[in-house]
Amino acid sequence: MGGGSGDLSPTGIPASPSSSSSESLPREFADYVPVSDGDSEGGCICDDPEVEALLYGSQFQHRSLREGKDLIRRYKPGYWIEGVGDTKAGDYLLPDTTTLLLVGPRGAGKSTLVNRITRVFDKDDDPFAPERAQVSYNSKSNGTSFIREYKIPRNSNGICICDTRSLSRNPEKDFKMLQRWMMKGISHGEMVTWDTDDDTKIKNLKSMGRQYSFLPCKTRKVNFVIFVVDGVSILRSIGSDKKGYMDMLRGTFMNPFLSFGDDKPAVVVTHGDRLSFQQRSQVQNELAETLAIPPQQIFDIPGSDDYETDIAVLDMLRYCIQHAEQNFSMKLKNLVEMHGRETLAEMMARLMGLDAVMDATIVFLCAVALLLRVSDNLL
């Protein structure tokens, strides 16, 4: 595991180089002036490799980020099934929208994650757009008491992220709720109550829920799960006798209803902007060991607004979409045809096996008959 102490004091995270070419160069590069090269379009000749790395590095980052965004913007359900082997998107039951479900304990930062994901695309579409999800800043807040669905990007039908209420302190109640979501689907505006809610709170929630009763909310099947955890809480549990948080994470993550066969949820670590790089690495190592998953399944997405975080968001979305499409159901007709071909192949193999047995039997009987004839002649 990675090193690092349990000190949770905010640590400055160096910002990534800006991708904007209009910004001035740092002071140490002020004496270098790029010289245009007439033979190359938009190119320049720089005498110092550090200047060249700064200029071209920013251009590469900007291009990489733009390509990642375009990939998500173009996505439609079935987009990554087509052409993989002999599969066709038309052979599958494709949803209208690929639905990703956010699950996590209280304070994990699910609503903050929704806003952070949205921000990646709002930078291009509408830089002054307001935040979409209501974030809880204290323990007295109701938090997300209703399932809320958010299209990613805004006004897109490719991806839908569903924010849910935080898990309760009753694992049995949590598991029943998770089972219902995964088996029967989820709907925008669905109210979620826990045993710890008093009558006054439930009454207020029902009053708030009337705004959704007039909306034609569609029940959506969950295609993949994103498990959101708080990096600060994990760091506090490392080296401490209090393992309740990690035990709760492991118990929930291992819930069979959150997995599609052996395909377990993606894990997102939040609040990394309050930790040092070393502490963030330590948290990821602890999660990988506790949940028995590879590091590639864990995505560090802090609240900071920089290039690295944008790339982490896009990588996480791409990972979830790819795994969601692997779990799309085949159409019954194609499923029957596929099983029919498999059954026919098995029958042919069995018949070939029977032919081999029959050939061996005939050879054996011929050998016995030959022996009997030889014995008669000797007698």
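Start at 1 with the first residue, then count along the sequence. Every heavy atom of this structure was used, including side-chain atoms; hydrogens, water molecules and symmetry mates were not.
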Asks: On a heavy-atom basis, which atom in P105 and which in V228 lie closest, and how many Å separate them?
Replies: CD-O, 3.4 Å

Asks: Name the orientation class of the two ring planes belonging to F253 and F227 (parallel below 30°, tilted from 30 to 60°, perpendicular beyond 60°).
Replies: tilted

Asks: Y92 versus P77: any side-chain heavy-atom pair under 4.5 Å?
Replies: no

Asks: E149 vs K218, test: salt bridge (charged side-chain N to carboxylate O under 4.0 Å, His left out). Steps then yes/no.
Replies: CA-CA 10 Å; E149 63 178 45; K218 180 177 181 179; over 6 Å; no

Asks: Please round to the nearest 0.5 Å and tell me the distance separating atom NZ of K176 and atom CG of D174.
Replies: 11.5 Å

Asks: Which heavy-atom pair separates K243 from S237 by the least distance, and what is that distance?
Replies: NZ-O, 3.0 Å

Asks: Side-chain contact test, heavy atoms from C-beta onward, threshold under 4.5 Å: evaluate it for P302 versus T309 and give yes or no.
Replies: yes

Asks: Report the C-alpha separation of Y319 and F299 in whole Å, then their side-chain angles, then the decisive distance to 0.1 Å, and conclude whether the ring-ring contact (aromatic ring centres under 6.0 Å, His included) test is met.
Replies: CA-CA 10 Å; Y319 177 94; F299 299 88; 5.5 Å; yes

Asks: Would you mind reporting whether Q284 and P295 have side-chain heavy atoms less than 4.5 Å apart?
Replies: no

Asks: Can you measure from CG (L100) to CE (M316) and round to the nearest 0.5 angstrom?
Replies: 8.0 Å

Asks: What distance do N223 atom CG and C320 atom SG have between them, rounded to the nearest 0.5 Å?
Replies: 11.0 Å

Asks: Is the backbone N or O of I81 less than 3.5 Å from a side-chain atom of E325, with the two atoms forming a donor-acceptor pair by type?
Replies: yes

Asks: Are Y79 and R74 side-chain neighbours, meaning at least one heavy-atom pair lies under 4.5 Å?
Replies: yes

Asks: Does the side chain of Y75 come under 3.5 Å of the side chain of T98 through a donor N or O and an acceptor N or O?
Replies: yes

Asks: Does NZ belonging to K76 count more than 12 external heavy atoms closer than 6.0 Å?
Replies: yes

Asks: Within the 4.5 Å heavy-atom criterion, are R116 and D305 side-chain neighbours or not?
Replies: yes

Asks: Taking it one step at a time, do K221 and T99 satisfy side chain to side chain donor-acceptor pair (under 3.5 Å)?
Replies: CA-CA 7 Å; K221 178 182 178 181; T99 302; over 6 Å; no

Asks: Is there side-chain contact between Q279 and R274, with at least one heavy-atom pair below 4.5 Å?
Replies: no

Asks: Side chain of Q297, backbone of K264: donor and acceptor closer than 3.5 Å?
Replies: yes

Asks: Where do L258 and V225 come nearest, in terms of heavy atoms and distance?
Replies: O-CG2, 3.7 Å

Asks: Only one of K69, R73, R154 passes salt bridge (charged side-chain N to carboxylate O under 4.0 Å, His left out) with D125; say which it is.
Replies: R73

Asks: Could you check whether atom NZ of K123 has more than 12 heavy atoms from other residues, nucleotides or ligands sitting under 6.0 Å from it?
Replies: yes

Asks: Would D122 and R119 pass as an ion pair if we require N to O under 4.0 Å?
Replies: no

Asks: How long is the gap from OG1 on T164 to CD1 on I147, to the nearest 0.5 Å?
Replies: 7.0 Å

Asks: Measuring from atom OH of Y150 to atom OG of S111, what distance do you get when rounded to the nearest 0.5 angstrom?
Replies: 6.0 Å

Asks: Return each pair, listed once, that meets side chain to side chain donor-acceptor pair (under 3.5 Å) where at least one residue sits in residues 246-257; pairs must be two or more places apart or across chains.
Replies: D247-R250

Asks: Taking the side chain as every heavy atom from C-beta outward, state whether T219 and I186 have any pair of such atoms under 4.5 Å apart.
Replies: no

Asks: May I have the step-by-step check of side chain to side chain contact (heavy atoms under 4.5 Å, CB included) for V269 and I301, ending in yes or no?
Replies: CA-CA 6 Å; V269 183; I301 302 180; over 6 Å; no

Asks: Walk me through whether L93 and F328 qualify under side chain to side chain contact (heavy atoms under 4.5 Å, CB included).
Replies: CA-CA 7 Å; L93 295 172; F328 286 165; over 6 Å; no

Asks: Do V229 and T270 touch side chain to side chain, with heavy atoms closer than 4.5 Å?
Replies: no

Asks: Got a salt bridge between D300 and R280, using NZ or NE/NH1/NH2 to carboxylate O under 4.0 Å?
Replies: yes

Asks: Write down the atom of D273, the atom of G303, and the distance for their closest heavy-atom approach.
Replies: OD1-N, 3.3 Å

Asks: Looking at E190 and W181, what are the two nearest heavy atoms and their distance?
Replies: OE2-NE1, 3.6 Å

Asks: So, for D230 and S233, which heavy atoms are closest and what is the spacing to 0.1 Å?
Replies: OD2-OG, 2.6 Å

